[in-house]
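Scroll down for the structure; my scribbles are underneath it.
Below, chains carry the letters A, B, ... as their sequence lines are ordered, and counting in each starts from 1.
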Protein chains: 2
Amino acid sequence: MSRETGGRRAPTLEDVAARAGVSRATASRVVNEDLRVRPAAREAVLDAVAELGYRPNRAARSLVTREAGSIAVVVPEAEDRVFRDPFFASLLVSITQALADSTVQVLLAMGRPGDGCRKIEKYLRGGGTDGAIVVSHHQDEEIWRALRETRLPAVHVGRPQAGGAGLPYVDMDNEAGGALAAEHLISRGRRRIGTIAGPQDMAPGADRLSGWRRAMRAAGLADDLVEIADFSAESGGERMRRLLRREKGLDAVFVASDLMAVAAIHEIQAAGLQVPEQIAVVGFDDSQAASLSRPSLTTVRNPVDSLATTAVDMLLRLMQGEEAKSVVLDTQLVRRASTDFSVLK
Amino acid sequence: MSRETGGRRAPTLEDVAARAGVSRATASRVVNEDLRVRPAAREAVLDAVAELGYRPNRAARSLVTREAGSIAVVVPEAEDRVFRDPFFASLLVSITQALADSTVQVLLAMGRPGDGCRKIEKYLRGGGTDGAIVVSHHQDEEIWRALRETRLPAVHVGRPQAGGAGLPYVDMDNEAGGALAAEHLISRGRRRIGTIAGPQDMAPGADRLSGWRRAMRAAGLADDLVEIADFSAESGGERMRRLLRREKGLDAVFVASDLMAVAAIHEIQAAGLQVPEQIAVVGFDDSQAASLSRPSLTTVRNPVDSLATTAVDMLLRLMQGEEAKSVVLDTQLVRRASTDFSVLK
DNA sequence: TTGAAAGCGCTAACAA
DNA sequence: TTGTTAGCGCTTTCAA
């Protein structure tokens, strides 16, 4: 695993200093953009750096500064399903982009189901990073304990279930999103509205459902047409069939994820019914699947990008010793053809 | 950015040694599983480690071993489109999972368009990693130069355009995949077959097209119905409209990505034609979009998982000083409803 | 089998 | 403004 496969030794600060005719300390100052260096010396060092192709050794620097220069995106106990989720991919990308300006590197720490998160825990405790962004919808006591004990700055994306060791979090307003969906359907004249919810032990699952409930009751409508699914396309389709069987008069459904919503649309069509003519459908996430679907899917926007930039922002603040308060982001409804006759596709 | 926010100093090897009543060297040997340590001493050290909650400091270790304990997944000059691509997300996940057993950490290094890849280059040169997996369909001279000069073990995912500094690569057989698609359509009795290709300055774009061409000619069919798109859904739909305008007798299309293929299907349907009855469609990638589409999409499987595990395998081998030869993986056709009446969905 | 000691490359007091 | 010096926490000779 040696990096020095027969090559010349990489130039050190010592080499640079020697070549520039200054001390190592001065060379270090130039490299770290310390102001109190005579212009001439500065020039000399910069030249030497360029000529030698010098790059500071991160390990050496980390050792003395006690900063790793990286943050970890932690996904504990991750199932395959989580990863293939476009939400997760987008989040990861947005986080990385948000850090592109800084010198901070992004480390991807994914646990495997079963294995617990021993590897991640070890890494966090070993001082491998300066901070962590935890992405999970489960309780991850071990990770939380490690974060607490190491006092590592950390933020949670998505409201953690049981306190999350007091970590600040960024989340979208799932409850308001669910209400938004219901209100939209009601405003379109629908009355017999069902919902396919996510797992109730996950915050997005529970919150989207309760938002829907609140709006339904506020409008004096029944909130009995509830089916619980698991966010997978299969489960979404299956629950849609149940809903169709349960209620002949059904004229709309709010489905807690786009993926499930697309599957639901297929089932409605397979039953010989039209979307949105007979049954209107609202999804959740505004993922690619929503615009690719036919009819295109009205959905609640999941502000992934803002989620990521806010999380990064909070983490950087925390890393500078400042306070960070949890943030809940607004959601918006994206109107498309699955609830609206006037939209073409 | 200090990690030691008022907390107790993390225990060092020195502390462990003191507590166990041995020297630092012995403690180090135990931690690194060196065999020549007396069982009693071993026990004492292990106990001390447990009691103190000792974790080795990575920076200190790296400094002396000259190993970073991490590999970088490098995505230079990445546009937004690349990231949202499910292929990339799956690849990243598979790479991380493939490394879950090892102690190696995964570092995500994404460049931004325009900015070049100065940050990445700097990092690679700074000894921040022990190896790199480069994911790109462009020429990235700077990165290649950095990799060459640092002699950093590296592999390319996807055949690099212009040599890629002699990096070994893993790729799927895009050419064979294109041929597979054409042959399948021909075997289903289609004769007037068009194609919507990807950009010709990208290997997957060019190779899938040439495979299609080869199979068409081999069957004595005309290969004139070619439209070049850019892998985006919009471009796919637009090129499909052109194809429909160009050739009334069109009875099949091979589209170089699922995303474009789904858009193409929508256009065909919008023109009042049936898939697969009038026009059969084959996509490429076997992404989620393919199974979500109605009719479900026959497509060429992109073996993302094998791509990732093979790349990781090659890299680890390289890091141990062994040789690694480029690998081209086979592809398979996944039959679904867009080319086959007997498939239900 | 063990310990003493040297140093990996860097930053940061402290003095000059 | 500069240089000297002392470590950061660890691995690894080299002797014992």
Side-chain angles (χ1 to χ4, degrees), chain A residues 1-4 8-45 48-49 52-69 103 122 125-128 130 150, chain B residues 1-4 8-45 48-49 52-69 103 122 125-128 130 150:
Chain A
M1 281 224 204
S2 165
R3 286 182 36 249
E4 228 63 59
R8 230 174 27 265
R9 174 171 84 47
T12 71
L13 199 54
E14 187 81 58
D15 301 328
V16 172
R19 180 158 194 132
V22 299
S23 73
R24 206 169 63 224
T26 300
S28 172
R29 286 184 190 110
V30 173
V31 171
N32 291 295
E33 288 165 339
D34 190 318
L35 295 172
R36 42 203 188 149
V37 174
R38 198 163 34 91
R42 198 184 135 69
E43 281 295 303
V45 171
V49 165
L52 262 37
Y54 168 78
R55 303 287 163 168
N57 177 309
R58 282 182 81 93
R61 182 177 276 175
S62 288
L63 185 54
V64 39
T65 60
R66 309 189 138 284
E67 282 169 23
T103 58
K122 222 168 162 177
R125 287 183 187 275
D130 301 324
T150 55
Chain B
M1 286 221 201
S2 165
R3 289 181 33 249
E4 228 63 57
R8 229 175 28 264
R9 174 170 82 48
T12 71
L13 199 54
E14 187 81 56
D15 302 327
V16 172
R19 180 159 195 131
V22 298
S23 75
R24 207 167 61 223
T26 301
S28 173
R29 286 184 190 109
V30 173
V31 170
N32 291 295
E33 287 165 341
D34 190 318
L35 295 172
R36 39 196 192 157
V37 174
R38 196 163 35 91
R42 200 183 132 70
E43 281 295 300
V45 172
V49 165
L52 263 37
Y54 168 79
R55 303 286 164 168
N57 177 309
R58 283 182 79 92
R61 181 177 274 176
S62 288
L63 185 55
V64 36
T65 61
R66 309 188 141 285
E67 282 169 23
T103 58
K122 220 168 163 177
R125 289 184 186 275
D130 300 324
T150 56

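Across all strands shown, B/V22 has heavy atoms under 4.0 Å from sugar-phosphate atoms exclusively, and none from any base. Residue A/A41 is classed as a sugar-phosphate contact, given heavy-atom separations below 4.0 Å to backbone atoms only.
Counting heavy atoms from C-beta on, the side chains of B/T26 and B/R29 come closer than 4.5 Å. Between A/N57 and A/T12 there is no side-chain heavy-atom pair separated by less than 4.5 Å. Taking 4.5 Å as the limit, some side-chain heavy atom of B/N32 sits within range of a side-chain heavy atom of B/R61.
One interatomic measurement links the two molecules: CG of A/D34 to P of C/dA12, which rounds to 9 Å at whole-angstrom precision. In this structure, A/N32 atom CG and C/dA13 atom P are separated by 13 Å, rounded to whole Å. Atom CZ of B/R36 is separated from atom P of D/dT11 by 14 Å (rounded to the nearest Å). Atoms CD (A/E67) and P (D/dC8) sit 17 Å apart, rounded to a whole Å. If you take CZ of B/R58 and P of C/dC10, they are 20 Å apart, rounded to a whole angstrom. The distance from atom OH of B/Y54 to atom P of D/dG9 is 10 Å, rounded to the nearest whole Å. The interatomic distance linking B/E14 (CD) with D/dT11 (P) rounds to 13 Å, in whole Å. As a whole-Å value, the separation of A/R55 CZ from C/dC10 C1' is 17 Å.
A side-chain contact (heavy atoms from CB on, under 4.5 Å) with B/V30 is found for one member of B/V37, B/V49, B/V22 and no other, namely B/V37.
Taken from OG in B/S23 to CD in B/E14, the straight-line distance is 9.5 Å, to the nearest 0.5 Å.
Of the candidates C/dC10, D/dT11, C/dG3, D/dT11 carries the atom nearest the B/S28 side chain, counting heavy atoms from C-beta on. With C/dT2, D/dT12, D/dG3 as the choices, the nucleotide that has an atom nearest any side-chain atom of A/R29 turns out to be D/dG3.
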Polar pairs (N or O, both sides) under 3.5 Å between protein and nucleotides 5-8 of chain C?
from, atom 1, to, atom 2, distance (Å)
C/dA6, N6, B/R24, NH2, 3.2
C/dC8, O3', B/R66, NH2, 3.0

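Contact between the side-chain N/O atoms of B/T26 and the OP1/OP2 oxygens of C/dG3 is found at a separation under 4.0 Å. In this model, the phosphate group of D/dT1 is not approached by any side-chain N or O of A/R38 to a distance below 4.0 Å at OP1 or OP2.
No side-chain donor-acceptor contact under 3.5 Å links A/R58 to the backbone of B/A68.
Scanning all heavy atoms of the two residues, the minimum distance from B/L52 to B/P11 falls at O-CG, 3.4 Å.
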